[in-house]
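Only this structure's heavy atoms are used, side chains among them; waters, hydrogens and symmetry mates stay out. Chain letters run A, B, ... following the sequence lines, proteins first, then strands; residues in each count from 1. Values in this document were obtained by computation on a predicted structure and should not be read as measured data.
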Number of protein chains: 2
Amino acid sequence: MSSVSEPKSERIPAAQRREQILDAAAEVFGERGYAGTTTDQVAQAAGISQPYVVRMFGSKENLFCELLLRARERLETRLRNALTRPEVKALSAAERKAFLGRAYVDLIGEGGIVLPLMQGFLLGHDPVIGKYAREGFLVIYRLLRDEGGFSQDEVRDFLAGGMLINTLLTLQMTGLYDTDDTARELLGCSFGEKIDIVLNAGSAS
Amino acid sequence: MSSVSEPKSERIPAAQRREQILDAAAEVFGERGYAGTTTDQVAQAAGISQPYVVRMFGSKENLFCELLLRARERLETRLRNALTRPEVKALSAAERKAFLGRAYVDLIGEGGIVLPLMQGFLLGHDPVIGKYAREGFLVIYRLLRDEGGFSQDEVRDFLAGGMLINTLLTLQMTGLYDTDDTARELLGCSFGEKIDIVLNAGSAS
DNA sequence: GTCTATAATAGGATAGAC
DNA sequence: GTCTATCCTATTATAGAC
């Protein structure tokens with residue numbers, strides 16, 4: 001160390017910092033929701049100062065919208081990748097649904113995508129964010145229906161399963177897995193063989 | 001009028017006022033979520049002053065917990081009533097599930113129960129409310145499994161459908177019914193013949 | 001049983017230095 | 001590119017009158 005006091009955070013390119021902030025925002029907003037999160041919590045998670053977060057995105061609202069957009073694009077990409085794999089095209093609708101479900105749980109394991117989206121879904125009343133959230137939901141619906149070759153009812157059932165999974169995650173039901181028989185049963189039949197992924201997701205960042 | 005200025009609100013028994021406040025809280029919390037709601041918004045919806053709301057329930061947190069408790073009890077009662085009707089016992093599991101689904105949508109139409117519960121489900125991170133919310137979810141799960149005569153997977157599917165419905169409501173997707181084809185399709189296959197109930201729910205209080 | 005006034009604090013956003 | 005200092009408003013909660 002050549003100087004007595006080190007800078008609080010390294011000087012890095014804006015684009016990279018931006019991603020860091022979005023990563024931090026995904027975690028905090030995903031857990032605490034939009035209104036329940038402060039820009040200072042995001043800043044601390046990103047290792048920078050609160051005003052810098054606001055400076056970079058203009059406002060808390062805008063930060064959340066950009067987060068929603070990024071999350072939706074990633075989900076879209078992932079689902080599309082899964083659907084276009086050659087071996088998937090040969091499967092029955094039910095098998096494709098199960099395959100997609102596993103891909104969805106894998107995505108959850110990576111974090112930062114599904115929970116912010118779910119938090120956005122609860123903001124229909126917000127004139128700005130609500131519009132983003134509804135649009136994102138419909139984009140996913142259409143993707144599954146049109147590119148997945150599913151019927152309306154099949155898409156509905158897939159989305160329903162996803163919403164249950166999302167709800168169990170935001171409830172933090174996974175924390176009861178070891179101590180509550182009912183919770184274990186419910187988690188077991190909701191996540192299937194991939195249950196380990198979400199049980200471990202809590203310990204990762 | 002015998003006096004020049006009338007009192008802002010009538011003097012009524014505490015128990016009755018309490019219910020009024022809970023009704024108002026159900027509406028506001030249900031739409032805006034826990035963190036997104038101020039005690040003043042609840043007070044205004046109830047037609048009283050903000051300090052009185054706090055005075056009556058001790059804290060915003062406690063008000064929300066009491067709301068969750070009331071909502072869960074009402075849902076429990078409703079499901080139990082539906083399940084114990086003699087003509088229901090004779091139905092197949094699939095038919096019972098459909099019957100319960102319709103009962104659930106009827107409950108939504110009455111308002112004040114389902115949305116606050118859903119908002120609670122997003123608060124797993126909260127040390128106090130999270131515990132309430134998880135417990136409430138598990139109570140409903142056990143009720144369906146044990147008193148409904150459903151298998152684990154059947155209960156899961158029922159809950160999944162419920163969570164999709166709840167999500168569409170918090171998203172306020174119903175507002176797009178008349179203008180967006182995709183939204184209409186999704187709402188149609190999610191709510192079935194009872195779609196009118198939720199489309200009209202927006203105009204009711 | 002209900003209100004007004006207000007304390008105490010938190011939180012988003014801005015200004016300006018470095 | 002990043003921080004410190006700070007403004008301003010919103011919000012929960014308390015005190016005390018009626």
Side-chain angles (χ1 to χ4, degrees), chain A residues 2-25 28-29 31-67 119 123 125-129, chain B residues 2-25 28-29 31-67 119 123 125-129:
Chain A
S2 58
S3 71
V4 178
S5 67
E6 308 142 67
K8 286 295 169 59
S9 50
E10 221 179 332
R11 193 179 172 91
I12 64 176
Q16 190 180 338
R17 185 65 85 188
R18 199 185 159 77
E19 289 304 305
Q20 277 185 359
I21 297 176
L22 284 170
D23 289 343
V28 186
F29 279 122
E31 180 165 338
R32 316 181 75 90
Y34 176 67
T37 294
T38 70
T39 54
D40 191 52
Q41 287 169 334
V42 174
Q44 282 185 242
I48 60 177
S49 70
Q50 179 267 333
Y52 192 18
V53 171
V54 176
R55 162 74 64 114
M56 179 80 87
F57 288 88
S59 68
K60 175 183 171 180
E61 182 179 73
N62 195 59
L63 167 59
F64 191 74
C65 286
E66 303 242 26
L67 175 61
Q119 295 287 355
L123 294 173
H125 70 95
D126 186 292
V128 175
I129 304 177
Chain B
S2 58
S3 72
V4 178
S5 66
E6 308 141 67
K8 287 294 169 59
S9 48
E10 221 180 330
R11 194 181 171 90
I12 64 174
Q16 190 181 338
R17 186 64 86 186
R18 200 185 158 77
E19 289 303 305
Q20 277 185 358
I21 298 176
L22 284 170
D23 289 344
V28 187
F29 279 122
E31 179 165 338
R32 317 181 75 90
Y34 176 68
T37 294
T38 70
T39 53
D40 191 51
Q41 286 168 335
V42 174
Q44 281 183 243
I48 59 176
S49 71
Q50 178 269 332
Y52 192 19
V53 170
V54 176
R55 161 76 63 113
M56 180 79 89
F57 287 88
S59 69
K60 175 182 171 180
E61 182 179 73
N62 195 59
L63 167 59
F64 192 74
C65 286
E66 303 241 29
L67 175 61
Q119 295 287 355
L123 294 174
H125 70 95
D126 185 293
V128 175
I129 303 176

Quick check for you: to the nearest 0.5 Å, what is the distance between A:Q20 atom CD and A:I12 atom CD1? 4.0 Å

If I take atom OH in residue B:Y52 and atom P in nucleotide D:dA17, what distance separates them, rounded to the nearest angstrom? 19 Å

Any idea which of D:dG1, D:dT11, C:dT14 is nearest the B:T38 side chain? D:dT11

Gap separating the CE atom of A:M56 from the CG atom of A:L63, nearest 0.5 angstrom: 10.5 Å

Just N and O in the side chain of A:S49: are any of them under 4.0 Å from OP1 or OP2 of D:dT4? no

Nucleotide C:dT2, atom P - distance to CD of B:E10 in whole Å: 9 Å

Can you see if the side chain of A:R17 gets near the phosphate of D:dT2 - specifically, an N or O under 4.0 Å from OP1 or OP2? yes

Measuring from the side chain of A:T39 (C-beta onward, heavy atoms only), which nucleotide among C:dT2, C:dG12, D:dT2 has the closest atom? C:dG12

Within this structure, what is the CD-to-P distance between B:Q50 and C:dG1, rounded to whole angstrom? 19 Å

Starting from P on D:dT11, measure out to CD on B:Q41 and report it in whole angstrom. 7 Å

Within the structure, does a side-chain N or O atom of B:S59 lie under 4.0 Å from either OP1 or OP2 of D:dT12? no

Can you list the steps and then say if B:D126 with B:E61 is a side chain to side chain contact (heavy atoms under 4.5 Å, CB included)? CA-CA 10 Å; B:D126 185 293; B:E61 182 179 73; 4.0 Å; yes

Which of C:dG12, D:dT14, C:dC3 is nearest the side chain of B:I48? It is C:dC3

